[in-house]
Amino acid sequence: MKKYHFTHFIGLIFALFVFSQGTVSAVTPTPDTVRLLASQCAQCHGTTGNSLGDFDSIAGENFDELLDELLEMKADNKNEIMHKQIKGYSKEQLWFIADYYANLPKISNEYKKDEVDEEDKYQEEEEEDEDEDEDDDDDDDDDDDDK
Amino acid sequence: MNNFNRRDFIKLMGISTAAVATPSLLKTASAAGFSPRVVVVGSGFAGSTVAKHLRLWSNNVIDVTVVDPHASHVSCVMSNLVVNQQLSMLDITFQHTILNEKYGVNFIQSSVSSINHDAAEKQVFLENGQVISCDYIVLAPGISFDDIPGLDHQKVPHAWIAGPQTELLRDKMKAISGGDTFVMTIPKAPYRCPPGPYERACVIADMMKKKGGGKVIVLDLNPKIIVEEHMFSNAFSEIYGGIVEYIPNITINSVDSDNLIVYTNQGKFEADVLNVIPTHRAGKIITDLGFNTVADRWADINPISYELNDTPDVFVIGDSSGTSQPKSGHMANSQAKICADAIIRKIANRPLDSEERLANLTTNSACYSPITDKTATWLTAGFAYNKIEHKMKAIPASLGEAELHHVDHYKDMFSWSKNLFENTFM
């Protein structure tokens with residue numbers, strides 16, 4: 001984990017140098033801005049980046065591979081929906097998006113197929129009892145910025 | 001319950017402790033002394049997405065209550081496949097219990113009768129007699145329709161707000177015979193789901209083709225096909241040549257709902273099934289509550305937050321909002337996330353208009369449209385905030401549409417909708 005973040009730290013500096021002409025840009029997004037930016041991929045790739053359909057799951061993918069693929073699609077003028085969508089983002093933004101999703105946990109395909117097939121999941125009746133047992137435990141945060 | 005303490009604040013931000021350790025931020029939060037409460041009016045794509053993400057992104061610190069007269073939401077997205085019976089109503093119906101169980105979003109089944117938004121503590125008065133106090137209100141009431149003399153939606157369905165109207169149109173199409181005439185009207189832009197009416201015309205024409213023929217008369221209030229022009233005009237003239245008749249520049253004078261006749265500037269059109277989709281405006285609550293509008297139809301909002309320009313701490317998202325972006329479920333989801341982020345920043349006293357936020361504010365819309373019962377097309381657009389024009393501006397390179405209708409796009413349509421539904425309602 002530490003090694004991963006160190007590599008990313010170097011990568012971040014490199015990215016900022018390359019994409020911001022050598023200065024840390026005032027437009028470099030803060031973690032919550034990255035979260036918002038990355039959340040706009042979720043309509044097609046799922047809330048957690050684990051896709052329910054045949055579109056790629058992007059959570060927990062290798063950062064370099066993910067970024068490479070995004071940059072390739074950005075450079076390619078193929079008339080395909082993802083190739084078009086990606087043109088709406090700068091290279092710097094794609095760096096942050098790839099980093100965000102690379103750090104999210106990957107959920108296995110097996111589990112995901114169960115979610116898709118289980119029609120009851122979104123057809124269940126309203127429950128009679130209204131217990132409000134709220135577990136206030138600190139569940140796994142989606143913090144991704146221990147940098 | 002009302003103590004907004006440091007631990008809650010750190011949880012609220014959901015980001016590194018370094019960012020929240022700043023003394024001035026903490027002072028502001030604890031001095032504020034309130035537990036953040038948000039009421040969301042409307043549980044469609046916009047309302048559900050904002051409710052879910054307020055909880056998710058605040059680590060459940062923000063109390064969120066959704067109010068809607070219906071116990072579940074029926075999606076317009078994919079609803080034309082219920083009209084042609086490829087899908088069932090259950091496939092497009094989403095219970096509010098899911099967001100409650102998974103994220104602790106409270107739900108009250110009721111309409112809203114009025115809102116008191118003048119004080120810092122707002123009050124939402126419900127038809128069922130309840131009064132909810134809160135700090136922020138998000139209105140996501142969808143669309144309402146212009147009145148047309150003689151129009152009765154029970155006899156002449158719009159099926160443009162999904163639910164019983166979808167079933168009504170489906171049932172009418174079950175009963176229609178080969179050789180019959182289907183007449184539909186397309187509202188004046190902007191309206192919900194730009195390709196939607198043309199898609200419907202294709203789906204209906206496909207059904208008539210299978211019944212042995214008939215006529216589908218498409219009366220468009222716009223001067224031409226407003227989106228995917230090449231695709232849809234090709235569909236109308238080639239795939240459904242001899243069935244579809246497309247007539248632009250229509251104005252509707254009145255409708256005879258009993259005899260299924262629509263009277264227009266270009267004559268009267270008689271139908272065996274009549275589908276009139278009137279021109280849209282924001283959900284009624286927007287004008288009922290006296291909020292300022294754009295072009296007398298849409299809520300006047302700030303695109304960096306969706307906050308009403310004349311009413312602090314009240315937001316309008318989704319189809320009701322007056323923006324330069326298209327109206328769709330996918331876009332409503334996209335806007336809702338910006339709104340959720342804005343509310344969280346407001347609570348945490350972080351700027352909404354920092355250079356870094358504005359430079360990275362994006363939305364997108366994507367849509368698949370069935371053309372036949374096996375093929376579909378796609379359409380996509382990305383938007384970024386433009387500081388000079390103070391609006392979300394379409395990014396030309398991101399605008400695209402399918403060249404051909406194809407089985408692969410039809411398959412992708414289900415991948416898209418599954419994830420969109422999950423991201424919004426689950």
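Chain letters run A, B, ... following the sequence lines, proteins first and then strands; every chain starts at 1. Values reported hereafter were calculated over all heavy atoms of this structure, with side chains retained and with hydrogens, waters and symmetry mates removed.
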- Side chain, backbone, both or neither of His83(A) within contact of chain B (heavy atoms, under 4.5 Å): neither
- Query: Considering only heavy atoms, which portion of Glu401(B) lies under 4.5 Å from any heavy atom of chain A: side chain, backbone, both, or neither?
  - Reply: backbone
- Item | Contacting moiety of Thr377(B), where chain A heavy atoms sit under 4.5 Å | neither
- Item | Intermediate values then yes/no, side-chain hydrogen bond (donor to acceptor under 3.5 Å, both in side chains), Thr362(B) and Gln40(A) | CA-CA 8 Å; Thr362(B) 70; Gln40(A) 303 293 0; 5.1 Å; no
- Note on the structure: Looking only at Thr380(B), Thr49(B), Asn364(B), the option with the highest number of non-hydrogen pairs under 4.5 Å against chain A is Asn364(B)
- Trp378(B) versus chain A, heavy atoms under 4.5 Å apart: side chain, backbone, both or neither? side chain
- Message: Please find the pair of heavy atoms, one from Cys44(A) and one from His330(B), that lie closest to each other, and give the distance.
- Response: SG-CE1, 4.0 Å
- Nearest atoms (heavy-atom pairs only) where Gln43(A) meets Asn423(B): N-OD1, 3.8 Å
- Message: What's the separation between atom CG in Leu52(A) and atom CD in Glu422(B), rounded to the nearest 0.5 Å?
- Response: 5.5 Å
- Contacting moiety of Leu399(B), where chain A heavy atoms sit under 4.5 Å: backbone
- Note on the structure: Most heavy-atom pairs under 4.5 Å with chain B, out of Gly46(A), Gly88(A), Pro29(A), belong to Pro29(A)
- Among Leu37(A), Asn79(A), Ile86(A), Asn77(A), single out the residue with the greatest number of heavy-atom pairs under 4.5 Å to chain B. Asn79(A)
- Query: Can Thr47(A) and Leu56(B) be said to form a side-chain contact (heavy atoms from CB on, under 4.5 Å), step by step?
  - Reply: CA-CA 10 Å; Thr47(A) 304; Leu56(B) 189 61; 3.9 Å; yes
- Query: If you measure from OG on Ser51(A) to CG on Asn419(B), what distance do you get to the nearest 0.5 Å?
  - Reply: 4.0 Å
- Message: Quick check for you: to the nearest 0.5 Å, what is the distance between Ser39(A) atom OG and Ile338(B) atom CD1?
- Response: 8.0 Å
- Note on the structure: Looking only at Arg345(B), Lys411(B), Arg357(B), the option with the highest number of non-hydrogen pairs under 4.5 Å against chain A is Arg345(B)
- Look up atom CD in Glu80(A) and atom CG in Asp412(B), then write down how far apart they are to the nearest 0.5 Å. 8.0 Å
- Query: Checking heavy atoms, do the side chain of Ala402(B), its backbone, both or neither come under 4.5 Å from chain A?
  - Reply: backbone
- List the steps and the verdict of side-chain contact (heavy atoms from CB on, under 4.5 Å) for Leu36(A) and Leu361(B). CA-CA 8 Å; Leu36(A) 175 58; Leu361(B) 209 59; 3.8 Å; yes
- Between Asp341(B) and chain A, which part of the residue has a heavy atom less than 4.5 Å away: side chain, backbone, both or neither? side chain
- Test side-chain contact (heavy atoms from CB on, under 4.5 Å) applied to Lys87(A) and Ile395(B), step by step: CA-CA 8 Å; Lys87(A) 305 286 192 293; Ile395(B) 301 155; 5.6 Å; no
- Item | Proximal component of Leu420(B), with respect to chain A [non-hydrogen, under 4.5 Å] | both
- Query: Checking heavy atoms, do the side chain of Tyr368(B), its backbone, both or neither come under 4.5 Å from chain A?
  - Reply: side chain
- Task: Enter the distance from Glu355(B):CD to Thr33(A):OG1 here, rounded to the nearest 0.5 Å.
- Result: 12.0 Å
- chain A contact via Asn100(B) - side chain, backbone, both or neither, heavy atoms under 4.5 Å: neither
- Item | Exercise: identify the closest heavy-atom pair between Lys337(B) and Ala42(A) | NZ-CB, 3.9 Å
- Task: Give, as side chain, backbone, both or neither, the part of Ala381(B) having an atom under 4.5 angstrom from any heavy atom of chain A.
- Result: backbone
